[in-house]
Each structure stands twice: as C-alpha cells, then as structure tokens.
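Hydrogens, waters and symmetry mates play no part in the numbers below; they use all other heavy atoms, side chains included.
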Amino acid sequence: MAMSYQLNTRYVSQRLYRRRAFTLFELLIVAAIVVIIGALVYPAIANSTGTQNLIRSGDILRTHFARSRNEAMRSGQTLALRYELGGRQFIIEPWTTGDEQLEANIDSPIFNAMGLVAGDESSDRTISNRLLGKLKGLPDQVQFAGGLKQFDDREVVMTDPTLNPNSAQIDNTSMADMVSANWSEPVLFYPDGSTSQTEVRLASDDLQIFVLVRIRGLTGVAYVTGVMSQQEVSALDLERLNQ
C-alpha cells in the first residue's frame, strides 16, 4: 500500500510539473493581446504627453517674455526675441537703437544684437550671459506655428535716419543669421517696460492643438490661453477678419 501511494504521488507531481510550462501557441496569443492593448492605449498616452508638452511650452515662452522685459528694464537696453517658424528654437538678444549711450548718459560701449561691442566684433561680452545670445528650445512635439504682431511705430523710428539721428550706429546682426531657419520678426522689449504687442502660436507637430502666448504692448504683461483645437483657432482668425 505504501509503494502504491508513492507511485501515485510521483505521477501527480509529474502532471503538475508538465502543466507549469506554456506552449508556444499560448505565448503567441499573450503577445498578440499585449500588442493590441498597446495599440489601443498608445494614442491616448501620446495625446496626453503632447498636450502636457504644449502647455509646458506656453509657460516656458511666457516666462522668457517676462524675463526679457525685466532684463530690458534693468539694463536700459532694448531686447528682441525671435522664434523659428515651423521649429522649436528661439533666441533673445540686445536690439541696438543707437540711443543707448544718450539714455544712459555715460561713456559705455554700444552692443549690437549679438551682444558684441559695436565696432569690435572680436569681443564676446554679453549683457546677460544667463539669458541673452543663446539658442533655446521648446519641448519635443511642439513647434512655433506662427504669430501676430501689431504695427510698432517705435521700431520704424529706430531705423529711419530722418527720425533717429543715431540710426547709423545700429548694427542688428543676429545669431539667428547663422542658423538656417525661417525666423520671425523680432518681439521687442523696451527699457520702459512696454513691448511689441504680440501673439505667438504654439502647436503640436500635427497642428491639431494650439496654445496662444500673448503679450500686451503697453504693460508688457504676458499670458497663455488654454489648449485650443485647430477649428477654434480658425474660428478666431475668421472673427478677427470680420471685425
């Protein structure tokens, strides 16, 4: 009887051992299920990530608008922000008006838009190493989709020799000139705290969702809209045309 019990136990153990293993067919079924679930879930995850990157990009640009305004007020130097249309890069640089020496009433060097002393291209001095003259970028899956800028008569006065006797001293050479890209018109930040009245559009790479970063010219206050669909942005453009 004892021997029979041992044999039966061994038989049951062998059956249990054999059932622990999966067949190749079962593994293929599990893999197929995982792939199907991943295909269903991935778009939602990707859309969520793209939306978060877009919101974060709006905050990044708004922050740099504020920093540029503060730096212009602190230094007494007009600054310019340019962004790459259809790309992710932007840059903030000094924007020479020709009046810097007169406004400061000191015998200080005049900087051009690259942060170089006018007439001394070998110098690498910058007004603010932490902010100016360096290419910056937005997060992945986000691009500058365009922008609107109101006419700024001060910008015209700067370059018109009949209106600005110091226009000959202007040298707005830019680092953007060295980068092969489609750069925007400059958004200007003035020492009195005012700015170019501007709306910059950030979009997902597929141009399906947007946020708009706006800056008020008189006060220099910047803010970011909520996420907008392509249809909502188109409706906004149509409404503006009809006004």
Side-chain angles (χ1 to χ4, degrees), residues 57-58 61-73 75-87 89-100 102-103 110-114 131-132 136 138 143-177 179 181-203 207 210-225 228 232-243:
S57 296
L61 189 60
R62 178 187 58 79
T63 298
H64 279 85
F65 277 172
R67 288 176 178 172
S68 299
R69 177 176 178 268
N70 291 339
E71 180 65 19
M73 295 172 66
S75 66
Q77 167 76 61
T78 301
L79 301 182
L81 183 148
R82 289 186 177 94
Y83 52 90
E84 179 190 6
L85 293 167
Q89 300 181 103
F90 64 98
I91 189 169
I92 304 161
E93 302 173 300
W95 182 267
T96 303
T97 65
D99 293 329
E100 286 77 13
L102 296 178
E103 292 172 356
I110 295 179
F111 292 85
N112 64 22
M114 291 184 69
L131 181 67
L132 306 181
K136 301 173 176 61
L138 299 176
Q143 63 173 287
F144 288 100
L148 303 173
K149 178 183 170 184
Q150 285 192 0
F151 176 77
D152 188 347
D153 55 354
R154 290 173 295 178
E155 187 176 345
V156 176
V157 169
M158 288 180 199
T159 56
D160 189 336
T162 64
L163 300 174
N164 180 12
N166 298 307
S167 62
Q169 300 184 55
I170 296 177
D171 178 15
N172 284 318
T173 306
S174 171
M175 280 190 64
D177 299 335
V179 180
N182 184 17
W183 292 97
S184 71
E185 290 295 314
V187 181
L188 298 182
F189 301 84
Y190 298 101
D192 63 1
S194 61
T195 68
S196 303
Q197 178 132 333
T198 305
E199 175 185 284
V200 180
R201 298 181 174 187
L202 306 180
L207 299 177
F210 295 76
V211 296
L212 313 181
V213 185
R214 294 168 174 157
I215 184 166
R216 294 189 175 99
L218 185 61
T219 62
V221 175
Y223 65 98
V224 186
T225 68
M228 304 173 67
E232 289 173 320
V233 173
S234 297
L236 176 63
D237 288 340
L238 185 60
E239 180 182 345
R240 286 172 172 169
L241 286 174
N242 293 331
Q243 287 179 350

Are any of the side-chain heavy atoms of [X] and [Y] separated by less than 4.5 Å?
X: I215; Y: S196; answer: no
X: L79; Y: E71; answer: yes
X: I91; Y: Y83; answer: no

Please confirm whether the backbone N or O of T219 pairs with a side-chain atom of R69, one donor and one acceptor, at under 3.5 Å? yes

Test item: K149 side-chain N/O and P186 main-chain N/O as donor-acceptor pair under 3.5 Å: yes

Any salt bridge linking R82 with E185? Criterion: basic side-chain nitrogen under 4.0 Å from a carboxylate oxygen. no

Test: R214 and E199 ion pair at under 4.0 Å: yes

Should we count CG of L218 as having more than 12 external heavy atoms under 6.0 Å? no

Which residues share a side-chain contact (heavy atoms from CB on, under 4.5 Å) with [X], sequence neighbours left out:
X: S194; answer: R154, Y190, D192
X: T63; answer: R67
X: N70; answer: none

L61 versus L202, closest heavy-atom pair with distance: CD2-CD2, 4.3 Å

In terms of heavy-atom contacts, V224 and G58 come closest through CG2-O, 3.4 Å

Check the angle between the aromatic planes of H64 and F90 and answer parallel, tilted or perpendicular using the 30° and 60° thresholds. perpendicular

